[in-house]
Amino acid sequence: MAVNLALIEAINLALKSEMKRDGNVVVLGEDIGRNGGVFRATVGLLDEFGGDRVIDTPLAETLVAAMAIGLSTQGLKPVAEIQFSGFMYPCVDQVVNHATRLRNRTRGRLSCPMVIRAPNGGGIHAPEHHSESLETTFAQMPGLRVVAPSNPARAYGLLLAAIRDPDPVIFLEPTRCYRLFKQPVEDDGEALPLDTCFIDREGSDITLVSWGAMMHDTRLAADALAEEGISAEVVDVATLKPLDMDTILTSVAKTGRCVIVQESPRAGGWASEIAANLAEHGLLSLFAPVLRVSGYDTIMPLAKQERVFIPDTERILKEVRKVFEAAPKG
Amino acid sequence: MDSNHSATRRVASFEIFYTQFLNQDGVACGDLPAFAQDREQLRAMYQLMVRTRAFDKKAVALQRTGQLGTYAACLGQEAIGVSIGHALKADDVFIPAYREYAAQFARGVPMRDILLYWGGDERGMNYESGPSMQDFPLSVPIGTHVPQAIGVGYAFKLRKQPRVVLVSCGDGATSKGDFYEAVSSAKVWNLPIVFLVSNNGWAISLPFSRQTGAPTVAQKAFAGGMPGEQVDGNDVIATRFVLERAIERARSGGGPSLVEAVTYRLHDHTTADDARRYRGAEEVEAAWARDPLKRYKIWMEASGNWSAEDEDKLQLEATATAEAAAQAFLKTESQAPESIFDHLYATLPKNLEWQREEVAARGPVGSHA
Ligand SMILES: [Mg+2]
């Protein structure tokens, strides 16, 4: 039976469900035990599964990542929480030099089936260093999977998949969507694929591609376009690495127009990777240049200016209009 | 701080102990540990030391003749590797840095694999036999592997397994945050971990006196609430004894501890380094007087456990073993080019298949070795 859940509740449900199903799953991180995590993603886990499997760690992010690596080499399935994406940088060394490589370095003898979860992006008026978007940082690392869910049902199914995956997964949760809306989620233990984009909404005139929190604004933009008689197909990338270009190319082959929306800074972002792939493999189906909507190449501003940085519906619609100016709807 | 002030009292104090059985002249002092009664054990330890030194020499020769990539020699530190190899049990896990070859040999890593690794072949980390199969591959980024021991130790504790993880690093690594995060947290869960720091006096060109203001590494254990001690890392009897004590303490629920093995890096940092740029010949010459092999051989002979005949035989055998490893390494065929994709993921993602096909179709492209 499906229950209406916010995204953070769906994360909590997935953790509970998988910890029940698989005794090797452990969760670890700062304040995740009695406190239930700063966003309450792990609330109730300590009481249900005990302190051995719900591990409150010292305040040391390198340690959290390294500990997850150590646990995963022993056949456990650690799910580590980093409180805010800006605090993930100390984990980068562990992830890029060890977690992503151990399988390759040992020719398959050892591996790291682990997940690092973190809220990603801004929009909740948080303090400095709490609002960064790190998906591109991780998506460039070979040997990794990078997932950015956009709604409660996908968060549930993708997190199950991430935990079950035999390789390390970075799971970036859309901070400002944690409690933004609810959606029916069934605790059916069904994982979603970790290599597939989702068609969030079908359409025929333009393809809007996004992931994570920006999916919300992208859906709103598609709503606004629908009122103008423009039919937008919305693709939720969901898994950034490995990237499923087939779904995006198929959509663009149908619509001939594409705008990619990301929150992270523009240069070298994952939107650029998608645009480059469209240029290589989809140019002949395009009626107009592929345009990007993104954060700026600035430091993520503090709370008062964060809305200047984070793309919104207005900025998305502005780029969409440019596309239709270049290639009016036939 | 004024410790005589009436409002100030002592809340903790620490002492650091140092263990040595064999002085640098091979003279025994103190009551020797039980294993020193076991002639076969003593001989096996000596044989491993000599074989490791012969291997080390061969590896450097291979590099100097363009047949091996950069190599990190363990010259002068063999007693530490031998001690780890003999102190750990088969079920334990060893997380090495990169100068503990003797321990790896003892746990089943073929000498050829170490050459493969430094020769630029990942198969040199796919230990396929013995206890080494559960060990970590050697770790080049300094100290980053140390906190991983926390996860391994936690897994043992969670499953109530009587297993221990030994993680080794050098003095340079003790300056890194990774090291401190591990040392600071191990006692929180009373994990079965032994931190072994081989303090060889140098981190490439930086002497230990400039690595930290602390006079010892051992004292850093106290900051984490666990025991820390020093041992003469060039005394194989003492190092094995101290490690066994730390390992059994960990195994029996006594928790983590740190052992600082005081040694000396007789070789350059690696074959790509020239230590004459930053340290004097006198210092190195003086360090040779503390050579772990020399003193152990003197004591082994004096105690009737070793003879000149044994020595001749072993030297020949050790040279031949190293030579055979070198030949096995040199004869190992390169991996297929597309093997760079083989262990990237458990299953190669669809979007990388074309890259693998491109590499396979192009075929071998030679190497820069
Ligand atoms: Mg050193």
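Values reported hereafter were calculated over all heavy atoms of this structure, with side chains retained and with hydrogens, waters and symmetry mates removed. A note on names: the letters A, B, ... follow the listed sequences, proteins ahead of strands, and every chain is numbered from 1.
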For residues [X] and [Y], determine if any side-chain heavy atom of one lies less than 4.5 Å from a side-chain heavy atom of the other.
X	Y	value
B/Thr144	A/His98	yes
B/Ser185	A/Thr57	no
A/Ser111	B/His343	no

Which one of [options] has the most heavy-atom pairs closer than 4.5 Å to chain B?
options	answer
A/Leu59, A/Asn97, A/Asp93	A/Asp93
A/Asp52, A/Ile69, A/Thr100	A/Asp52
A/Arg101, A/Arg105, A/Gln94	A/Arg105

Notebook entry, point to check: What's the verdict on side-chain hydrogen bond (donor to acceptor under 3.5 Å, both in side chains) for A/Arg109 and B/Gln134, showing C-alpha distance, side-chain angles and the deciding distance?
Noted result: CA-CA 8 Å; A/Arg109 180 171 62 85; B/Gln134 76 244 6; over 6 Å; no
Note to self: Under 3.5 Å, is there a donor on one side chain and an acceptor on the other for B/Arg159 and A/Gln74?
What the structure shows: no
Which atoms of [X] approach chain B - backbone, side chain, both or neither, heavy atom under 4.5 Å:
X	value
A/Pro142	both
A/Asn24	side chain
A/Leu110	side chain
A/Leu102	side chain

Check: chain A: which of B/Ala346, B/Gly124, B/Ala155 shares the most heavy-atom pairs with it under 4.5 Å?
Finding: B/Ala346
Let me know if [X] has heavy atoms under 4.5 Å from chain A in its side chain, its backbone, both or neither.
X	value
B/Leu158	side chain
B/Pro141	side chain
B/Tyr127	both
B/Ser184	neither
B/Ile340	backbone
B/Phe136	both

Check: Within a reach of under 6.0 Å around NZ of B/Lys350, are more than 12 heavy atoms found that belong to other residues, nucleotides or ligands?
Finding: no
